[in-house]
Number of protein chains: 2
Amino acid sequence: MRLESDLMRGAGPVAVLKLLERGEMYGYELADALERRSQGVLAMGQSTLYPLLYNLEAKGYIEAEWRVADSGRRRKYYRLTPKGRKRLATDTDAWKRLAGAMSALGVLGPADARASLGVAP
Amino acid sequence: MRLESDLMRGAGPVAVLKLLERGEMYGYELADALERRSQGVLAMGQSTLYPLLYNLEAKGYIEAEWRVADSGRRRKYYRLTPKGRKRLATDTDAWKRLAGAMSALGVLGPADARASLGVAP
DNA sequence: GCGTATACCTTGTCAGACATAGTATGTCAG
DNA sequence: CTGACATACTATGTCTGACAAGGTATACGC
């Protein structure tokens, strides 16, 4: 993907779960949202996104439903399951700690560390 | 690894390069430093660290030299090559943009976004 | 001497990122 | 009304990276 080589491995699932937190979305919409909302950083090809979705679904984090939109087009809508919501919380926490660790090493700025660890400046 | 499951994929090489930025270190020392300096978040087993080092060496980002320490123990010291220094700069930048993207989605706190993107609060 | 810490190496497995390719349908310019 | 283009999902196969498990070898404390 354009996902900054392999730096972002593991970021994909979290980003998808986070987007679905607000409400259901379909695959193509997710791809577009990831692209736009992250200025391309989290953009991923369809061959990355769809298998990722099937994987999350197989593990019970999201569930899908086929519907026909007003446009007449068939779309597969995905939404978070309670299990997925839990995983999102865990992953978000893990990401914050990872950002904190990278800050501690100097890879990210110190502000990241404070924000991630909830420490007052 | 303890590296927060696979969330941190890609973080390993950057962390190692960053540690080597200050000066040479040997494998065991790197493992220990990663563990301590990140409060365990970036800790990785030897079976992850050593292959990672061989990989970075094969790609010319680091170079190694066997030496005998005062303790009498043989150690393989690694140091950054100019190429590795360049890659560290690129990767650091990519990480900041990734952190910025995750912030934009709400996975990381907003302070991360400001710091990562260099935007005034 | 014998356990523990230090220090490095190897093999094999599995999951994830992706390129490539394919199917099918709605929209719109000409 | 037709062909190009955008939308939308699926399938296959390759490559890399994370890791568990299992070695080897040496220094040091007791």
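Within every chain, numbering begins at 1; the chains are lettered A, B, ... in the order of the sequence lines, protein sequences first and strands thereafter. As a basis for the values below, the full set of heavy atoms in this structure was taken, side chains included, without hydrogen atoms, waters or symmetry mates.
Residues satisfying the side-chain hydrogen bond (donor to acceptor under 3.5 Å, both in side chains) criterion with A:K59, sequence neighbours excluded, are A:N55. With sequence neighbours excluded, the residues satisfying side-chain contact (heavy atoms from CB on, under 4.5 Å) with B:A31 are B:L49. B:A58 is linked by a side-chain contact (heavy atoms from CB on, under 4.5 Å) to nothing, counting only residues two or more places apart in sequence or in another chain. Checked against salt bridge (charged side-chain N to carboxylate O under 4.0 Å, His left out), B:R36 has the following partners two or more places apart in sequence or in another chain: B:D32. Evaluation of the side-chain contact (heavy atoms from CB on, under 4.5 Å) rule for A:R73 yields A:S71 as partners, not counting sequence neighbours. For A:E24, the salt bridge (charged side-chain N to carboxylate O under 4.0 Å, His left out) partners are A:R67, A:R79, not counting sequence neighbours. A:Y26 is linked by a side-chain hydrogen bond (donor to acceptor under 3.5 Å, both in side chains) to A:R75, counting only residues two or more places apart in sequence or in another chain.
Distance, A:D32 CG to D:dA8 P: 9 Å, rounded to whole Å. Distance B:M44 CE to D:dG17 P: 13 Å, rounded to the nearest Å. Here the C1' atom of nucleotide D:dT10 and the OH atom of A:Y78 are 10 Å apart, to the nearest Å. Atom C1' of nucleotide C:dA7 and atom CD of B:Q46 are separated by 7 Å, given to the nearest angstrom.
A heavy-atom distance below 4.5 Å is found between the side chains of B:R97 and B:D93.
Nearest heavy-atom pair across B:W95 and A:L98 is CH2-CD2, 3.8 Å.
A heavy-atom distance below 4.0 Å to DNA chain D is reached by none of the residues of residues 15-31 of chain B. Scanning residues 51-63 of chain B for heavy-atom distances under 4.0 Å to DNA chain D yields B:N55, B:K59.
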Grab the N/O contacts between the protein and nucleotides 3-5 of chain D below 3.5 Å, and write none if there aren't any.
none

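Legend: ring-ring contact (aromatic ring centres under 6.0 Å, His included) pairs involving residues 37-57 of chain B, not counting sequence neighbours: none detected.
Look at A:R75 and you'll find a side-chain N or O under 4.0 angstrom from OP1 or OP2 of D:dA8. Phosphate proximity of C:dC8 to B:Y50: present, with a side-chain N or O under 4.0 Å from OP1 or OP2.
Nearest nucleotide to the A:T48 side chain, out of C:dC9, C:dA17, C:dT6: C:dA17. Of the candidates C:dC8, D:dT10, C:dA17, D:dT10 carries the atom nearest the A:K76 side chain, counting heavy atoms from C-beta on.
Residue-level contact check: B:R73 touches the bases, meaning some heavy atom is under 4.0 Å from a base atom.
Looking at B:S47, its side chain comes within 3.5 Å of the base of D:dA20 through a donor and an acceptor atom.
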Identify every side-chain donor-acceptor pair in residues 12-22 of chain A under 3.5 Å, counting partners at least two apart or on other chains, and give the distances.
{"unit_1": "A:K18", "atom_1": "NZ", "unit_2": "A:E21", "atom_2": "OE1", "d": "3.1"}

